[in-house]
Amino acid sequence: MTNNAIKTSNKSLHNDIYLLGKLLGEAIRSSDGEKAFNDIEELRRASVRTRREPNTENIQALSQAIDQLSDDEANTMARAFSYFLHLANIAEDHDQQRLLKSKTSPSSLKHTLAMLNQEGISAAELYSALQQTNVVPVLTAHPTEVQRKSTLDLHQAIAQKLITYHQLDDEEEQEELAEELAAYIKILWLTRMLRANKLTVDNELDNVNNYFATTFLKAIPTLYKQLNREVRHQFKTQFDELPSFLTMGSWIGGDRDGNPNVNADTLKSAFRKQAVTLFQHYLDELKTLGTELSMSTLLTDVSEALSEQSKLSIDRSPHRLDEPYRRVIINTYARLAATAKDFSDGKLQILNVQAATPYTSPQDFLADLQLIADSLRQHHAESIADLRLDTLIQSVKIFGFHLATVDLRQSSDVHEAVLTELYRRNRTTLQGKPLVYAELSEQEKVELLIAELHNPRPLVSPWQQYSEQTSKELLILQTAAQLRQRYGKRAIKQYIVSHTETLSDLLEILVLQQETGLISLETDEQGNPIPIQADDGLIVVPLFETIPDLEAGPNIMDQWLSIPLVKERVIKAQHGLQEVMLGYSDSNKDGGYLTSNWSLYKAEKALVEVFKKHAVRLRMFHGRGGAVGRGGGSSFDAILAQSPGSVAGQIRLTEQGEVIQNKYRSAALGKWHLEHLLSATLQTSVGKQASEADLFMQEHQNLLEQLSQLSQRTYRQLVYGTEGFVNYFFAATPINEIAGLNIGSRPASRKKGQRIEDLRAIPWGFSWAQCRVLLPGWYGFGTAIHTYLEQGFDGEPNSRSDRLARLRHMAKGWRFFKTMLSNMEMVLAKSDLKIAEQYSTLVSDETLRHRIFSMIKHEHALTVKSLKEILDIEELLDNNKALANILQERFAYIDPLNYLQVEVIGRLRQHRAETQQNRYESLRDERSVHLTINGIAAGLRNSG
């Protein structure tokens, strides 16, 4: 972006933030009084002074001002600064969309297709690539989205009003719009920010379906249409029919790993709710289509097939006898309404519609829509089909009758426990002794499971009474088989095996599928097994999470694909494609930022070679989160930075927590982010991107390996090797307070107690972000780089300047290294060790506090210094002034929330340590803490 563009953008963004902030101030003044407004302003100015001059005097003055607040005043302050940051996010998103319209972004489809065209890719080659392309954002319910749905709805209303405000030229109309904006902001101020109760899985389903209704059902078909339009422009041709290259996935309702609230009922509920959302959209589109296609046979002809269909219509109105399109649509609408009632289990019922035969499959519905489209095209009315009908047809091809593919996920240790019980109840013996499956060696397990896959004898008996865990696991698999029969095979396609550490972890779920009807064991009349059919069973997807798991992953997949039965299933049932999931969160918590990134890159490279050996297509599933330590940052840059050959048109990636709100709060914003995903996938898979990365990998992998080992050692020494670190973490961060916030149905820890190993990676990273350390996104890097520059490694250049030159060369030319540094720079720019030091005062043990914080402070200084040297900059974000300016705008409102959070956490913990007579004060302070968590998360944006 040019300097002029940055200045223009900054001015426009500043004006929007000023407008929304002014309206929020007026809402506060009118509701809470002049004193409350003035107190908030004074605290903001004190924060700005402290940001500009973070000396002891200013910090003490700010802390003292907060310390003097009453509990109610603290609550009001937390709400005010939090809601301002919500509004700043809306203004920033609007500015982002405005910039997109004014320039050609490298991540736009227009740029991507022009680049491919210049590289000599033909339209036929592009179409062939699209046939092999599958980009799937997978929405998950991980607990870092702290906003209520009521708040999110108001965000959308305010965002839409702001867009309309800028579209008006007339001053009076703008004033009128400003009054409407003020009213919505007043509603926002008077709306309870926090949830009163913990979310249930059904609540999470309702929240995510709101995004399908407002964003994905509109944005994805529009993106398909845009692609064809750009193809027509760039390649001077048009694709008559586009393959389904971008679809949606979801974990909500099927992800059981560590969430006891997910079961067979939640899985059924997921599809019921998805059906309500989907069929309501189809019915609305069909109803509008019926009003638009008013053409009369007195003025145009129709196809013979459409004419015959219209004669069978249930519509008997004499006023529409010459309007066959409407007559056919009325019939189609009635059938679809009946289908909606069936597929939603009666949750969606359309009144005043005549009874009709429901569709049995989306293909039947498509056939009726295609009949209308063919008639229009046969009689020179293509432009009419382009208005709405083609988009509806494309939607049905994408979403079917299921909307999003729901993954199943469970931990491997649960599968082992289930099989242990099944073999025990079945009285299976091994070498004359009762078989205890969990106690077998890995080789014995593999041999047993492979034999089981060839054994038609059922292991599960309907006459046995199994434990609660086993019954639950069997039931959800049986339910999945039934739902696939009802909603189609695309409804549930993958089974993710968390904590995959061995080959048997994958074979176990294959056996359990066979036992529950997901894999068919049919025989012909002679009793011979019927050959494996396409789409039979679920793809068993290993999830390699920790550093050791990532290192073992390629060998496990080599073993997996070497089993003849498995290979046959992959080729026939899975269309020659096998998926592998990589975990960013746990690998980061396990080994630190640099080691996690490098281990993921190496694993991808090794997996590509394994899959080439077996002639099987690889689809990587990236378990990314919002925080950089969990794979966050630009999805476009992340895809381009993947190991060569690891994308190849196939990629799934999780969209988690507050990332869903940030990316997909509206159809326009959502389409832009989806366009990024598709563009990056095409550039990586079809474009000539891979050769340079291979050269960099070969040239610098030994250096990265040594840097990674040193970084991991430094990180693990702090987190797992420093006495008292666990106590420091639980005291100096709001981890316990986050666990009490009603932001998800999943527990924050896998087990009770205070162990870093048991803590989920999501609250781990979220906690460090709240206290402005953001440790998972940088710790260990500074020591590794500093040691290399000052001492060198064996076989490396002798002079420091040569070693620095090498790192700079890598940062400029190797996308993997460049993207890793760019994300870390953003994290460091959001960190603030002066504020982090205030959180350390929550640690009562003064010796422990100084010892651990000194280690963090030292590594932070090394990391910032090293990064600046590599990037050759004076200050962080010198090369990204737009982001630097945005963050400066935000810090004036985030910083006071941090200081306030330290104060109210201290009060809360003190009250909890006292007698129950202070319970009311404790609850009030708890609300204040949760309000600050909400605001800080909104201000930092990608912290979860």
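A quick note: this is a predicted structure, and the numbers were derived from the prediction, not measured. Both backbone and side-chain heavy atoms feed into the values below; hydrogens, waters and symmetry mates do not.
- Between Tyr601 and Pro644, the closest heavy-atom pair is OH-CD, 3.5 Å.
- Taking the six-membered ring where tryptophan is involved, the planes of Trp768 and Phe729 are tilted, since the angle between them lies from 30° to 60°.
- Panel note: side chain Thr722, backbone Val719; no donor-acceptor pair is recorded below 3.5 Å.
- Aromatic ring centroids of Tyr487 and Phe271 lie under 6.0 Å apart.
- Lys567 contributes no side-chain N or O that, together with a main-chain N or O of Val616, makes up a donor-acceptor pair within less than 3.5 Å.
- A salt bridge (charged side-chain N to carboxylate O under 4.0 Å, His left out) with Glu579 holds for exactly one of Arg617, Lys493, Arg619; it is Arg619.
- A salt bridge is defined here as a Lys NZ or Arg NE, NH1 or NH2 lying under 4.0 Å from an Asp or Glu carboxylate O, and Asp536 with Arg569 meets this definition.
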query = How far apart are the C-alpha atoms of Leu453 and Leu507, what are their side-chain angles, what is the distance that settles it, and do they pass the side chain to side chain contact (heavy atoms under 4.5 Å, CB included) test?
reply = CA-CA 9 Å; Leu453 289 169; Leu507 290 168; 4.1 Å; yes

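- In this structure a side-chain-to-backbone donor-acceptor pair under 3.5 Å is present from Ser646 to Ser643.
- No donor-acceptor contact under 3.5 angstrom links the side chains of Asp202 and Thr200, judged on distance only.
- Smallest separation of non-hydrogen atoms from Leu510 and Val540: CD1-CG2, 3.7 Å.
- Using cut-offs of 30° and 60° for the angle between ring planes, the Tyr437 and Tyr423 rings count as parallel.
- In this structure, the side chain of Asp255 engages the main chain of Asp257 through a donor-acceptor pair within 3.5 Å.
- Electrostatic pairing of Arg425 and Glu421 counts as a salt bridge here, judged by a charged N lying under 4.0 Å from a carboxylate O.
- The shortest side-chain heavy-atom distance between Trp251 and Gln494 does not fall under the 4.5 Å cut-off.
- Considering OG1 of Thr247 and CZ of Arg490, their distance stands at 7.0 Å, rounded to 0.5 Å.
- The closest side-chain heavy-atom distance from Leu267 to Leu408 is below 4.5 Å.
- Between Met620 and Val647 there is no side-chain heavy-atom pair separated by less than 4.5 Å.
- Salt bridge status for Arg716 with Asp590: present, with a side-chain N to carboxylate O gap under 4.0 Å.
- Taking the side chain as every heavy atom from C-beta outward, Val460 and Leu422 approach each other to under 4.5 Å.
- Among all heavy-atom pairs drawn from Ser244 and Asn134, the shortest one is O-ND2, 4.2 Å.
- Ring centers of Tyr495 and His415: under 6.0 Å apart, within the cut-off.
- Side-chain contact between Leu577 and Val570 is absent, with no heavy atoms from C-beta onward closer than 4.5 Å.
- Enclosure of atom CD in Glu447 by more than 12 non-hydrogen atoms of other residues, nucleotides or ligands within 6.0 angstrom is indicated.
- For the pair Lys445 and Asp505, the salt-bridge criterion is not met [side-chain N within less than 4.0 Å of a carboxylate O].
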Practice prompt. Check the pair Gln701, Lys605 against side chain to side chain contact (heavy atoms under 4.5 Å, CB included), reporting the backbone distance first and the verdict last.
Written response: CA-CA 12 Å; Gln701 60 181 339; Lys605 179 74 174 170; over 6 Å; no

CA sep, side-chain torsions, deciding dist, call: Ser596, Ser587, side-chain hydrogen bond (donor to acceptor under 3.5 Å, both in side chains): CA-CA 5 Å; Ser596 171; Ser587 61; 2.8 Å; yes

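- Counted by atom type alone, Asn263 and Asp265 present zero donor-acceptor pairs between their side chains at under 3.5 Å.
- Considering every non-hydrogen atom in both Phe399 and Met248, the closest pair reads CE2-CG, 4.4 Å.
- Under the 3.5 Å distance criterion, the side-chain polar atoms of Glu416 are left unmatched by any main-chain donor or acceptor of Ser412.
- Between Glu655 and Arg624 there is no salt bridge, since no side-chain N of the basic residue sits under 4.0 Å from a carboxylate O of the acidic one.
- Annotation for Met581 and Thr654: closest pair CE-CG2, 4.2 Å, computed over non-hydrogen atoms.
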Can Glu444 and Ser441 be said to form a side-chain hydrogen bond (donor to acceptor under 3.5 Å, both in side chains), step by step? CA-CA 5 Å; Glu444 289 173 326; Ser441 68; 3.3 Å; yes

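- Tyr466 contributes no side-chain N or O that, together with a main-chain N or O of Lys472, makes up a donor-acceptor pair within less than 3.5 Å.
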Could you give me the CA-CA distance, side-chain angles and deciding distance for Thr595 and Ser708, then say whether side-chain hydrogen bond (donor to acceptor under 3.5 Å, both in side chains) is met? CA-CA 5 Å; Thr595 301; Ser708 170; 3.2 Å; yes

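- A side-chain donor-acceptor contact under 3.5 Å links Gln578 and Trp560.
- Judged purely by atom type and a 3.5 angstrom limit, Ser711 has no side-chain atom pairing as donor or acceptor with the backbone of Leu707.
- Considering all non-hydrogen atoms of both residues, Ser599 and Ile547 come closest at OG-CD1, 3.6 Å.
- Under the 3.5 Å distance criterion, the side-chain polar atoms of Ser471 are left unmatched by any main-chain donor or acceptor of Glu468.
- Looking only at side-chain heavy atoms (C-beta outward), Thr405 and Ser250 stay at 4.5 Å or farther from each other.
- Within the 4.5 Å cutoff, no side-chain heavy atoms of Tyr779 are placed close to those of Leu594.
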* When you look at His499 and Asp586, which way does the side-chain hydrogen bond (donor to acceptor under 3.5 Å, both in side chains) test go after all the steps? -> CA-CA 10 Å; His499 309 115; Asp586 283 289; 5.5 Å; no

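- More than 12 non-hydrogen atoms from other residues, nucleotides or ligands lie less than 6.0 angstrom from CZ of Arg457.
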- Go through the steps to decide whether Leu518 and Ile492 satisfy the test side chain to side chain contact (heavy atoms under 4.5 Å, CB included), and finish with yes or no. CA-CA 10 Å; Leu518 278 163; Ile492 306 172; over 6 Å; no

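- At least one donor-acceptor pair under 3.5 Å links the side chain of Asn209 to the backbone N or O of Leu205.
- Panel note: side chain Gln650, backbone Val135; no donor-acceptor pair is recorded below 3.5 Å.
- No side-chain heavy atom of Lys589 sits under 4.5 Å from any side-chain heavy atom of Pro776.
- The side-chain contact (heavy atoms from CB on, under 4.5 Å) with Leu440 is formed by just one residue from the set Val446, Leu435, Thr420; it is Leu435.
- Using a cutoff of 4.0 Å between basic side-chain nitrogens and carboxylate oxygens, Arg486 and Asp345 are scored as salt-bridged.
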When you look at Ile556 and Leu506, which way does the side chain to side chain contact (heavy atoms under 4.5 Å, CB included) test go after all the steps?
-> CA-CA 9 Å; Ile556 291 173; Leu506 303 182; 4.1 Å; yes

